[in-house]
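What follows is one structure encoded as structure tokens, with my remarks underneath.
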Amino acid sequence: MNLQQLEYVLAVYEETNFSFAADKCFVSQSTLSTMIIKLEEELGIKIFDRRSKPVGVTEEGAVLIDKIKMILASVYDLQEVAKEMKGDLSGEIRIGVIPTVAPYLMPLFLSRFVQQFPKIHLIVQELITDSVLERIENRTLDFGIASTPIPSKFGNVVSIPLYQEPFLLFDYTEQLGAMPIDVHDINTEKLWLLAEGHCLREQIQGLCQQNQEQKSWGNLDYQAGGLDTLIRLVKKTGGLTLLPFLATLDFGEDDRSRLHQFKNPNPSREICLLVHKNFVKKGILDVFKSGILEVVNPLLKEAKI
């Protein structure tokens, strides 16, 4: 038994096809199949059901594959620890970022980061909070960026605070002046929210003490999936919503005049890095965190309209 055989097994499991798995491992299909058969013979257990299409896993094979994942993850962690000890910041990093953060934070620092660390290959996905947490739990993401609090059911996920981001009221109702307002004075009848599943929706409902479903506008019930859509809906319907500060940086003069600050204490959200409790790439995590704070902190200090 060797690590290469275990990698071949995992490749077939992930691709559900021997040919695709061989391509992924850069070997011929016959070599991959032979190595897996030798492993099955050594263990005395059939891992794959080769009669099914796509290739299935036997009941015993499923148990073994869970163990194989753990073994390969431990080997991978060992390799990363050795690289960290040598000061080698390199490798593939898979990141999940929630949609209400990604478009406004990532472009601020990614270009400089990838130039500064050319050996780090970043793969960034926009995912809702639960998807980020689930993928960190099963180790298919290295780390994530989301807003706290983190549900207690994700016990293997550790949160590392990044920054507090204030909310601004974006108002097209023509009912408010320019002065700071109290969050409890918001007209929730005209409040637009993101669709279910977005943590920002729950945060705004909590701030505005609005527990009911969003009311539809006449015969319109629109489940917005992103802040850009939400902003357009507010403008076209004469409504309002709460926006995180970074989402307003590119606003033109007219839209900026529709932004209102809140009275103290100003409502805000905490943005954090999320990692598995056994995450070992501490050096890469540190430079990533520093890269974010280097560009965000100066902006937040001037978080005025």
Quick one: pull up [atom1] in [X] and [atom2] in [Y] and give me the separation to the nearest 0.5 Å.
X      : Y      : atom1 : atom2 : value
Asp171 : His260 : CG    : NE2   : 4.5 Å
Lys69  : Leu6   : NZ    : CG    : 13.5 Å
Ile93  : Lys281 : CD1   : NZ    : 3.5 Å
Ile36  : Lys38  : CD1   : NZ    : 12.5 Å
Thr148 : Gln164 : OG1   : CD    : 7.0 Å
Arg135 : Ile95  : CZ    : CD1   : 14.0 Å

Heavy-atom pair of closest approach, residues [X] and [Y]:
X      : Y      : value
Ala247 : Glu165 : N-OE2, 4.4 Å
Ile128 : Ile98  : C-CG2, 4.1 Å
Pro166 : Ser268 : CA-CB, 3.7 Å
Ser33  : Phe18  : OG-CD2, 3.5 Å
Glu40  : Phe48  : OE2-N, 3.3 Å
Gln5   : Met1   : OE1-CA, 3.1 Å

Linking I/L/V/M/F/W/Y whenever their side-chain heavy atoms sit closer than 4.5 Å, directly or via other members, would [X] and [Y] fall into one cluster?
X      : Y      : answer
Val63  : Met70  : no
Leu32  : Phe20  : no
Leu78  : Ile68  : no
Ile123 : Leu127 : no
Val75  : Leu39  : yes

Are the side chains of [X] and [Y] in touch, meaning some heavy atoms are under 4.5 Å apart?
X      : Y      : result
Ile160 : Cys272 : no
Phe143 : Leu274 : no
Tyr163 : Ile292 : yes
Met106 : Ile145 : yes
Glu270 : Pro161 : yes
Thr34  : Thr31  : no
Phe288 : Ile120 : no
Val296 : Leu162 : no

Under a 3.5 Å distance rule, please check whether Thr16 uses its side chain to pair with a backbone N or O of Val55 as donor and acceptor. no
For [X], look at atom [atom1] and say whether over 12 heavy atoms of other residues, nucleotides or ligands are found less than 6.0 Å away.
X      : atom1 : value
Glu92  : CD    : yes
Arg232 : CZ    : no
Asp250 : CG    : no

Per the salt bridge (charged side-chain N to carboxylate O under 4.0 Å, His left out) rule, what does the pair list look like for residues 13-31, sequence neighbours excluded? Glu14-Lys24, Glu15-Lys24
So Phe251 and Leu243, side chain to side chain contact (heavy atoms under 4.5 Å, CB included) or not? Walk me through it. CA-CA 12 Å; Phe251 273 19; Leu243 296 174; 3.7 Å; yes
Results of side-chain hydrogen bond (donor to acceptor under 3.5 Å, both in side chains) for Lys277 - residues two or more places apart only: Asn156
Is there a side chain to side chain contact (heavy atoms under 4.5 Å, CB included) between Leu133 and Lys153? Walk through the geometry before answering. CA-CA 10 Å; Leu133 292 166; Lys153 65 179 180 179; over 6 Å; no
Would you call the rings of Phe117 and Phe113 parallel, tilted or perpendicular if under 30° counts as parallel and over 60° as perpendicular? tilted
Any salt bridge linking Asp142 with Arg94? Criterion: basic side-chain nitrogen under 4.0 Å from a carboxylate oxygen. yes
Side chains of Arg269 and Thr100 only: does a donor on one sit below 3.5 Å from an acceptor on the other? yes
Under the side chain to side chain contact (heavy atoms under 4.5 Å, CB included) criterion, do Val101 and Ile271 qualify, and how do the steps go? CA-CA 9 Å; Val101 170; Ile271 304 300; 3.8 Å; yes
Tyr172 and Thr237: side chain to side chain contact (heavy atoms under 4.5 Å, CB included), yes or no, with the steps? CA-CA 8 Å; Tyr172 262 74; Thr237 62; over 6 Å; no
